[in-house]
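Just so we're on the same page: letters track the sequence lines, and every chain starts at 1. Here the structure is a predicted model, which is why all the values come from computation and not from measurement.
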Amino acid sequence: MTLVRLGYVAMSTQLQNASPSQTMTFKQFSQLNDKEAAIGKLERIANSNLHNCLRLLKHNVAHDIKFFRFSSKLIPLANHPELKGWDFINPLSEALEEIGHYIKEHPMRVGFHPDHFVVLNTSDKDVLKNTFRTLDMHRTLLKGMDVSPKHRCVLHVGGAYDDKEKALEQFIHNWGLTPRKLQELVILENDDTIFSASDTLYLCEKLGIPLVFDYHHHLANHQKDWQEDWERIKDTWGNSPLPIKMHISSPRSEKEFKAHAEYVDSKMFINFLHEIKGSVKEIDCMIEAKKKDEALFKLVEDLKKEPYIEWINEGSFSI
DNA sequence: ACGCGTCAAGTACTC
DNA sequence: GAGTACTTGACGCGT
C-alpha cells in the first residue's frame with residue numbers, strides 16, 4: 001500500500017487577488033531616485049507576498065492540500081547583486097512567524113524551487129557566489145518560519161557548458177565549496193534537456209542528495225526506462241526526514257512536448273501509480289500544471305472514478 | 001476588461 | 001561578441 005499526497009505550485013487560479021509573486025524589476029528600481037523609498041516599496045511588496053502566501057496555505061488546508069511549493073519570488077530583488085546590504089528579513093519577521101505558526105497548527109510539507117539563475121555547477125565565481133546567497137535567503141525564510149531547512153530546495157544540476165561529464169565534475173567540485181548548512185537544503189531534479197534521471201542519480205548517490213524524479217522531464221530526456229532506476233531513486237531518500245517527492249506534469253502537445261499542459265493527464269498518472277504501488281510507503285506528488293490548484297482538483301475528480309483508490313481526504317489517498 | 005510589449009540575476013544557440 | 005530565444009508571471013500602456 002502506498003500513501004499518495006498531492007500538492008501544487010506557488011499560486012492559485014481559484015483564490016482571487018492572492019499573488020505571492022508581485023515584483024519590482026531591477027530597471028524600475030534603478031529609475032527611482034529616492035533609494036530609501038524604493039527599498040520601502042520592495043518591503044511592502046514582500047510583505048504583501050507573504051500575506052498572500054498565508055492566504056494560499058489557508059485555502060489549501062480548507063481543501064486538505066498539505067503539500068505546497070512556495071514562490072521563490074516572495075522578496076523581489078532579494079539577492080540582486082546591486083542590492084547587497086539590504087536587510088530584507090527584519091521587516092518580514094512577523095509575517096514569516098505568522099506563516100510558521102500556521103504550519104505548526106496544520107502540519108504540511110512546504111518547499112522551494114529556486115529560479116534558474118541559481119546554478120550550482122557554474123564555473124563563474126560570481127554566479128556561484130550569488131547561488132550561495134540565494135540559497136541562504138531561502139534558508140533564512142525557512143528559519144523565519146521555524147521550518148527545518150533540510151531538503152526543502154529543489155534545484156537542477158545546471159548547465160552543460162559543452163561537456164556534460166565535465167559539468168557533472170564541476171558540480172562535485174562546487175559542492176565541496178558549498179557550506180554544509182546550504183548543502184542540506186538541496187535536493188536535485190532531472191531536467192528535460194541535459195541531465196537525465198540517470199545522470200542526476202550519479203551526483204545524488206555520490207553526494208548523498210535526494211533525487212526528485214520528474215516524470216515529464218524523464219519522458220523528454222532519458223537514456224533508459226525509469227523503472228530500471230526506480231530502486232536507486234527511492235534509496236536516495238533513505239536519509240531524508242521527508243518522504244520521496246516527485247514532479248508530475250503532462251506535455252502541452254506533441255509539438256510543444258516540454259511545455260506544461262493546463263491539466264494533468266490522469267490516465268498517465270494512474271498508470272504510473274500502478275507501477276510504483278507498494279514500492280514505497282509514502283510519496284508526495286507535486287502537480288505542475290498551468291491551471292495550478294484547479295488542475296489538482298480536476299485530477300482528484302478523475303481519480304475518484306477509480307474504484308481501488310482509498311481516499312483519506314481531498315488531498316491524499318492510498319493505493 | 002483585454003491584448004500586447006517589456007522585464008528578468010543564466011544558459012544555449014546563431015551569426 | 002552581440003543578439004535572440006527560452007520560460008513564465010507580473011506590470012504598464014494603449015484601446
Is the distance between the ring centroids of A:H247 and A:H260 under 6.0 Å? no
Proximity to DNA chain B (any heavy atom under 4.0 Å), residues of residues 120-140 of chain A only: A:T122, A:V127
Assess whether a salt bridge exists between A:R69 and A:E288, defined as any Lys/Arg side-chain N lying under 4.0 Å from an Asp/Glu carboxylate O. yes
Sorted by number, the residues of residues 110-118 of chain A with heavy-atom contact under 4.0 Å to DNA chain B: A:H116, A:F117
Watson-Crick and G-U pairing of DNA chain B, under 3.5 Å, as dot-bracket with | and [ ]: ||||||||.||||||
Between B:dC7 atom P and A:I45 atom CD1, what is the distance in whole Å? 17 Å
Partners passing side-chain contact (heavy atoms from CB on, under 4.5 Å) against A:S12 (at least two apart in sequence or in another chain): A:Y8, A:Q14, A:L15, A:L56, A:H59, A:D293
Looking only at side-chain N and O atoms, does A:N190 offer a donor or acceptor that is under 3.5 Å from a partner on A:T200? no
Shortest non-hydrogen pair, A:K35 vs A:S30, comes out as NZ-O, 3.4 Å
Nearest-angstrom distance from the residue atom CG of A:L155 to P of B:dA9: 19 Å
Within the 4.0 Å heavy-atom criterion, would you say A:A10 contacts the bases, only the backbone, or no part of the nucleic acid? nothing
Sticking with atom C1', work out how far B:dG10 lies from C:dC11, rounded to a whole angstrom. 22 Å
NZ or CZ of A:K234 within 45° of A:F213 ring axis and under 6.0 Å: no
DNA chain C: 5'-most and 3'-most nucleotides touching chain A, 4.0 angstrom heavy-atom criterion: C:dG9 to C:dG12
Taking only the P atom of each, what is the distance from B:dT6 to C:dG3 in whole angstrom? 16 Å
Nearest-Å distance, NE2 (A:H156) to C1' (B:dA12)? 15 Å
Calculate the interatomic distance between A:F171 atom CZ and B:dT11 atom P; express it in whole Å. 14 Å
Here the residues of residues 13-38 of chain A within 4.0 Å heavy-atom distance, strictly under, of DNA chain C are A:S19, A:S21, A:Q22, A:T23, A:Q28
All pairs passing salt bridge (Lys or Arg N to Asp or Glu O under 4.0 Å) where residues 4-15 of chain A contributes a residue, at least two apart: A:R5-A:D284
Fellow cluster residues of A:M1, listed by chain then number, with links counted only when side-chain atoms sit under 4.5 Å apart: none
A:N221 side chain vs A:D191 backbone, donor-acceptor pair below 3.5 Å: yes
Between B:dA9 atom P and A:E82 atom CD, what is the distance in whole Å? 10 Å
Between C1' on B:dG10 and CZ on A:F195, what's the gap in Å once rounded to a whole number? 14 Å
Taking only residues two or more places apart in sequence, or in another chain, which ones meet A:H217 in a side chain to side chain donor-acceptor pair (under 3.5 Å)? A:E189, A:D214
Using the P atom in both, what is the distance from B:dA8 to C:dG1, to the nearest Å? 23 Å
Can you tell me the distance, in whole Å, between the CG atom of A:L42 and the C1' atom of B:dA8? 14 Å
Hydrophobic cluster partners of A:V127 (side-chain heavy atoms under 4.5 Å): A:V119, A:Y161
Could you give the side-chain donor-acceptor pairs of residues 143-151 of chain A under 3.5 Å, partners two or more places apart or in another chain?
| unit_1 | atom_1 | unit_2 | atom_2 | d |
| --- | --- | --- | --- | --- |
| A:D146 | OD2 | A:K104 | NZ | 2.7 |
| A:S148 | OG | A:K150 | N | 3.4 |
| A:H151 | ND1 | A:S240 | OG | 2.8 |

Does the distance from a Lys or Arg side-chain N to an Asp or Glu carboxylate O, for A:E301 and A:K298, drop under 4.0 Å? no
So, does A:Y161 get its side chain near the phosphate of B:dA12, meaning an N or O under 4.0 Å from OP1 or OP2? no
Determine whether a donor-acceptor pair (N or O, by modelled atom type, separation under 3.5 Å) exists between the side chain of A:D124 and the backbone of A:D126. yes
For A:I312, the hydrophobic cluster (side chain heavy atoms closer than 4.5 Å, chained through members) also holds A:L3
Does the cation-pi check pass for A:K304 over A:W311, that is, NZ or CZ under 6.0 Å from the six-membered ring centre and within 45° of its axis? yes
Have a look at A:K73 and say if it touches a base, only the backbone sugar-phosphate, or nothing, with a 4.0 Å heavy-atom cut-off. nothing
C1' spacing across the pair B:dC13 / C:dT7, given as an integer number of angstrom: 16 Å
Heavy-atom pair with the smallest gap, counting every atom of A:I187 and A:I209: CA-CG2, 3.7 Å
